[in-house]
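Please read the structure below before turning to the comments.
When a ligand or atom number is given, it counts from 1 through the structure's own listing order. Just so you know, these numbers use all the heavy atoms, side chains as well, and skip hydrogens, waters and symmetry mates.
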Amino acid sequence: MEFRVDNGRAISGRCRVPGDKSISHRAVMLAALADGESRFEGFLAGADTLATAAAFRAMGVAIDGPHEGVLTVRGVGLGGLRPPAGPLDMGNAGTGMRLLAGLMAGQPFGVTLVGDASLSRRPMRRVMAPLRQMGADITAAEGDTPPLTLRPAADLRGIDYVLPMASAQVKSCLLLAGLYAGGRTCVTEPAPTRDHTERMLAAFGRPVQRDGARVCIEGGREPLRAVRFAIPGDISSAAFPLVAALIAAHGEVLIENVGINPTRTGILDILRAMGADIALENPREAGAEPVADIRARSSALRGIHVPEHLVPLAIDEFPAIAVAAACAQGETLITGAEELRVKESDRIAAIANGLAALGVAVQALPDGLRITGGDMRGGVVDSHGDHRIAMAFSLAGLRATGPVHIRDCINVGTSFPGYVELMRGLGLPIEVA
Ligand code: S3P
């Protein structure tokens, strides 16, 4: 599947983006292990989160939906999962695989986790090493990449682990394993990362203890209690209509009901520092998360050196930020972002190649990018099967002097079903071939 975008100039209207991917994964996982029936509105019906739901169905959990965003999960309790008949396919989802590895480490049965070609290249040592310290029996393929095989281990024990990289997936993996471990499991982060697992554990009745950069959970069989809440729109998806409005010659959008958890709003801080006109309206709480409507208007952007402390708080938004930087005046420097190399694609390389194909002056750095804003021409961009690279480069069609073709866009459905229709509704002339 290819996108072709030609000569877009105006972006306007209001929209709602699909539910938050990170929260949707965690919602299914904790609800499956809770006592009682949980119900979520706004569940993301994307391939990644549907794979997580399918994995729990394969372990005997009754899950209904999502129907118009409503997902109902009849929890089986912490000890109620049944061995699946075959490997669990996590598709494209690093979050699905790494968080599930933590939960599976504590089960009395073995399981194999597999993924697609992209996931099968992603590093799993970061979860395997600490899980082994906890007593898990976990092996992977050559190079510590998927498939992951977990065999039933003797009792897990809590550890006190210092994360070598800022990763919410590794932190969450260990907290979830900690539900099944004896004693306390503690994780210290080098920098703040998204805290949805912590918030959600509290909502399910198993609060974590946080002391600065260290977060701990007590093991033990205290049950999780079923919940009902609404999952907010994903700020990582909102990033695309947001940047579209900023870089369009005539742009104004209102994106309603977006999660603005402070561990996710790095994109707003970065774009504002670049001169973006962004306003948060109608701030409120939904479930365990803060939510607002985001209004954005065409802005004269200027390049900045992105503060490194904002990098983990905007980690999935760099494809969109890079396109904004290509439309800004002057140089944008992104550093301290080496984690971008191990996402759904090597995003530093994918962004650099994509921008270069459109005539933008760009330099890939080991840990980031140097982008000089200026004119963009049409061209052909390879998304490397990465949903966010595909969506980000579709926005370039608002500024390029010729048509922009983007190859290999099928994975947009992993996080943003309905992307093409939504963006067309706002005025982006995007065609699918
Ligand atoms: C996620 C954490 C981030 C992010 C990913 C979702 C999560 O990954 O890139 O899309 O839901 O915990 P890392 O933990 O690898 O940084």
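Put simply, the side chain of Thr52 never gets that close to the backbone of His25: no donor and acceptor are under 3.5 Å apart. Looking at Arg26, its side chain never comes within 3.5 Å of a backbone N or O of His196 through a donor-acceptor pair.
The residue from Lys171, Arg194, Arg214 that alone fulfils the salt bridge (charged side-chain N to carboxylate O under 4.0 Å, His left out) condition with Glu189 is Lys171.
Remark: ligand 1 atoms within the under-4.0 Å shell around heavy atoms of Ile315 are 9 (O). Close contacts of ligand 1 with Ala168, meaning ligand atoms under 4.0 Å from a residue heavy atom, involve 12 (O), 14 (O).
Of all the heavy atoms of Lys171, none lies under 4.0 Å from any atom of ligand 1, so neither backbone nor side chain is involved. When non-hydrogen atoms are compared, ligand 1 lies under 4.0 Å from the side chain of Arg26 (C-beta onward) but not from its backbone.
Among protein heavy atoms, atom 6 (C) of ligand 1 sits closest to Thr95 OG1, 3.3 Å. What sits closest to atom 13 (P) of ligand 1 on the protein, heavy atoms only, is Lys343 NZ, 3.3 Å. Of the protein's heavy atoms, Asp316 OD2, 2.7 Å lies nearest to atom 10 (O) of ligand 1.
Val227 has its side chain out of reach of Met200: every pair of non-hydrogen atoms, C-beta onward, lies at least 4.5 Å apart. Here the side chains of Leu81 and Phe56 are in contact, with some heavy-atom distance below 4.5 Å.
The shortest N or O to N or O distance between Glu339 and ligand 1 is not under 3.5 Å. Polar contact with ligand 1: absent for Leu99 (N/O pair, distance under 3.5 Å). No N or O atom of Ser172 sits closer than 3.5 Å to an N or O atom of ligand 1.
For Arg121, there are no side chain to side chain donor-acceptor pair (under 3.5 Å) partners, not counting sequence neighbours.
Note that CG of Leu50 and CG of Leu71 are 9.0 Å apart. Values are rounded to the nearest 0.5 Å.
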